[in-house]
**Q** 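Mind having a look at this structure? Questions to follow.
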Amino acid sequence: MIKDIMDTHTHTLASGHAYSTIRENAEAAARKGLELLAITEHAPRMSGSCQLIYFQNLKVVDRHAYDVELLLGAELNILDERGTVDLPERTLSQLDIAIASLHTPCITPGSREYNTQACLNAMKNPWVHILGHPDDPRYPVDYRALVQGAKEYHVMLELNENSLRPGGSRKNTRPQDEEMLRLCMEYRVPIVMGSDAHVDTDVGRHELAHALLEELNFPDELVVNRSVKALKEMLEKKHGLASGL
């Protein structure tokens, strides 16, 4: 079993369609033995989610709870082929972590070329650290291009537990995940498992993701969840790109 001490994709009540608080999520993470938990609320273009001021005020929240380190950030919505996201750069620069994702309420699925370009341009953003659930079959993409882009722009590709769970909104994602993971092995690109929890009982749930990684003999050293140091090294690489702008 791959070592797994963190969850980099969770939501709270602030996202509008989730059901727990920051502290409830942190307490759940502590019970499961996690060392680090990221709270990544949906950004403003998602219906019912928190507005800009929420992300601007995250400085008031402690970065530890129940002996779990907290990273406070956002799950951004990719809005167009240019990779536009729905928080300004000044706000993004103040977040601990940011995921960029394609969501049907915010961007209409396009051609394979359009979807791929939208993701690649979002990954170029110096404040985007993770490409969220890139396995959604409603958004066909060129996975080789995404993996190569992730390597170039120091972005982690997410293996999303919710995508793999039966009954979720993203249907039949396993073939896409398998293709992405095989290419990640080929290009030595790191991935990160995220629960995409919308309730505290799902925090840290990566069982289906673990099973798929083990089935594919995916290398432990390419799974960022194994180490807080590994995650922070990835974040620092991205911040280095931002500093060079």
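This structure is a prediction, so every number in the text was calculated from the model and none was measured.
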**Q** After noting the C-alpha distance and the side-chain angles of Asp142 and Arg112, does the key distance pass the salt bridge (Lys or Arg N to Asp or Glu O under 4.0 Å) rule?
**A** CA-CA 7 Å; Asp142 179 343; Arg112 184 171 182 260; 3.8 Å; yes
**Q** With a 4.5 Å limit on heavy-atom distance, are the side chains of Ile78 and Thr84 in contact?
**A** no
**Q** Is there a side chain to side chain contact (heavy atoms under 4.5 Å, CB included) between Leu213 and Met193? Walk through the geometry before answering.
**A** CA-CA 10 Å; Leu213 292 174; Met193 294 180 286; 3.8 Å; yes
**Q** So which heavy atom on Ile107 is nearest to which on Tyr114, and how close?
**A** CD1-CE2, 3.9 Å
**Q** Within the distance-only criterion (no hydrogens, no angle test), does the side chain of Asp135 pair as donor or acceptor with the backbone N or O of Gln176 below 3.5 angstrom?
**A** no
**Q** Within the 4.5 Å heavy-atom criterion, are Pro134 and Met180 side-chain neighbours or not?
**A** yes
**Q** Would you sort out whether Asp136 and Leu102 count as a side chain to side chain contact (heavy atoms under 4.5 Å, CB included), showing the intermediate values?
**A** CA-CA 8 Å; Asp136 191 336; Leu102 297 168; over 6 Å; no
**Q** At their closest point, which heavy atom of Ser163 faces which heavy atom of His133, and how far apart are they?
**A** OG-CB, 3.7 Å
**Q** So, taking the atom named CD1 in Ile2 and the one named NE2 in His210, what distance separates them when rounded to the nearest 0.5 Å?
**A** 6.5 Å
**Q** Between Glu186 and Arg144, does any NZ, NE, NH1 or NH2 come within less than 4.0 Å of an OD or OE carboxylate oxygen?
**A** yes
**Q** Charged N to carboxylate O under 4.0 angstrom, Asp96 versus Arg63?
**A** yes
**Q** Mark yes or no for whether Thr21, through its side chain, and Glu24, through its backbone, hold a donor-acceptor pair below 3.5 Å.
**A** yes
**Q** Using a 6.0 Å cut-off, check whether atom CZ of Arg45 has over 12 heavy atoms from anything other than its own residue.
**A** no
**Q** In terms of the angle between their ring planes, are His103 and His42 parallel, tilted or perpendicular, with boundaries placed at 30° and 60°?
**A** perpendicular
**Q** Please answer: with hydrophobic residues joined when any side-chain heavy atoms are less than 4.5 Å apart, are Ile130 and Leu79 in the same cluster?
**A** no
**Q** Should Thr173 and Asn160 count as side-chain neighbours, where that means a heavy-atom distance under 4.5 Å?
**A** no
**Q** To the nearest 0.5 angstrom, please state how far the CD atom of Glu69 sits from the CG atom of Leu231.
**A** 8.5 Å
**Q** What heavy-atom pair brings Leu235 and Met156 nearest, and what distance separates the two atoms?
**A** CD2-CE, 4.2 Å
**Q** Looking at Thr116 and Val141, would you say the former's side chain and the latter's main chain have a donor-acceptor pair under 3.5 Å?
**A** no
**Q** So which heavy atom on Leu208 is nearest to which on Pro166, and how close?
**A** CD1-CD, 4.4 Å
**Q** Atom CG of Asn25 and atom OG1 of Thr10: how far apart are they, to the nearest 0.5 Å?
**A** 5.0 Å
**Q** Does Leu71 belong to the same Ile/Leu/Val/Met/Phe/Trp/Tyr cluster as Leu76, with side-chain heavy atoms less than 4.5 Å apart forming each link?
**A** no
**Q** Checking side chain to side chain contact (heavy atoms under 4.5 Å, CB included) for the pair Arg23/Tyr66: CA distance, chi angles, key distance, verdict?
**A** CA-CA 8 Å; Arg23 293 191 68 82; Tyr66 302 100; 3.7 Å; yes
**Q** For the residue pair Thr8 and Leu37, establish whether any side-chain heavy-atom pair is separated by less than 4.5 Å.
**A** no
**Q** I'd like to check Val223 versus Ile191 (side-chain heavy atoms, cut-off strictly below 4.5 Å). Are they in contact?
**A** yes
**Q** Taking the side chain from His64 and the backbone from Asp62, do they hold a donor-acceptor pair closer than 3.5 Å?
**A** no
**Q** For the backbone of Asp200 and the side chain of Ser20, can you confirm whether one donor and one acceptor N or O come within less than 3.5 Å of each other?
**A** yes
**Q** If you take the centroid of each ring, where Trp contributes its six-membered ring, are His129 and His154 closer together than 6.0 Å?
**A** no
**Q** Any carboxylate oxygen within less than 4.0 angstrom of a Lys/Arg side-chain nitrogen, looking at Arg226 and Asp4?
**A** no
**Q** Between Pro190 and Met234, is any pair of side-chain heavy atoms under 4.5 Å apart?
**A** yes
**Q** Can you see whether Ser49 engages Glu41 through a side-chain donor-acceptor pair at a distance of less than 3.5 angstrom?
**A** no
**Q** What heavy-atom pair brings Pro109 and Tyr139 nearest, and what distance separates the two atoms?
**A** CA-CE2, 3.5 Å
**Q** Taking Ile99 as the starting point, is it possible to reach Met123 by hopping between hydrophobic residues whose side chains are less than 4.5 Å apart?
**A** no
**Q** Would Glu178 and Arg174 pass as an ion pair if we require N to O under 4.0 Å?
**A** yes
**Q** Tell me whether Leu222 shares a hydrophobic cluster with Val192, the cluster being built from Ile, Leu, Val, Met, Phe, Trp, Tyr side chains joined at under 4.5 Å.
**A** no
**Q** Please report the interatomic distance CG(Leu146) to CG(Leu183), rounded to the nearest 0.5 Å.
**A** 9.5 Å
**Q** Taking 4.0 angstrom as the limit, do Arg165 and Asp202 come out as a salt bridge?
**A** yes
**Q** Roughly how far, to the nearest 0.5 Å, is the CG atom of Leu72 from the OG1 atom of Thr40?
**A** 10.0 Å
**Q** Does one side chain, of His9 or Glu161, offer a donor that lies under 3.5 Å from an acceptor on the other?
**A** no
**Q** Indicate if Ile97 and Val128 have the same hydrophobic cluster label, given that clusters are the connected sets of ILVMFWY residues with side-chain heavy-atom separations under 4.5 angstrom.
**A** no
**Q** Can you name the closest pair of heavy atoms from Met6 and His206 and give their distance?
**A** O-CE1, 3.3 Å
**Q** For a quick check under 3.5 Å, do Tyr187 and Gln148 share a side-chain donor-acceptor pair by atom type?
**A** yes
**Q** Does Glu207 pair with Arg205 as a salt bridge, N-O distance under 4.0 Å?
**A** yes
**Q** Can you tell whether the side chains of Lys238 and Glu233 come within less than 4.0 Å, N to carboxylate O?
**A** no
**Q** Do the side chains of Thr201 and Tyr19 get nearer than 4.5 Å, heavy atoms only?
**A** no
**Q** Is there a donor in the side chain of Ser195 and an acceptor in the side chain of Asp7, or the other way round, less than 3.5 Å apart?
**A** yes
**Q** Okay, side chain of Asn57, backbone of Ile53: is any donor-acceptor separation there less than 3.5 Å?
**A** no
**Q** For Cys184, is there any backbone N or O sitting under 3.5 Å from a side-chain donor or acceptor partner on Tyr143?
**A** no
**Q** Do the side chain of Asn162 and the main chain of Asp196 share a donor and acceptor less than 3.5 angstrom apart?
**A** yes
**Q** Is any side-chain heavy atom of Asn125 less than 4.5 Å from a side-chain heavy atom of Val85?
**A** yes
**Q** Looking at Asp86, is its backbone amide N or carbonyl O close enough to the side chain of Asn77 to form a donor-acceptor pair, meaning the two atoms are under 3.5 Å apart?
**A** no
**Q** Would you check if the side chain of Thr12 reaches a backbone N or O of Ala14 as a donor-acceptor pair within less than 3.5 Å?
**A** yes
**Q** Evaluate the criterion side chain to side chain contact (heavy atoms under 4.5 Å, CB included) for residue pair Leu216 and Met185; output intermediate values, then yes/no.
**A** CA-CA 10 Å; Leu216 297 179; Met185 286 190 279; 4.3 Å; yes
**Q** Give the C-alpha distance, both sets of side-chain angles, the deciding distance and a yes or no for salt bridge (Lys or Arg N to Asp or Glu O under 4.0 Å) between Arg182 and Asp177.
**A** CA-CA 9 Å; Arg182 289 192 173 100; Asp177 284 322; over 6 Å; no
**Q** Quick check for you: to the nearest 0.5 Å, what is the distance between Asn217 atom CG and Glu215 atom CD?
**A** 9.0 Å
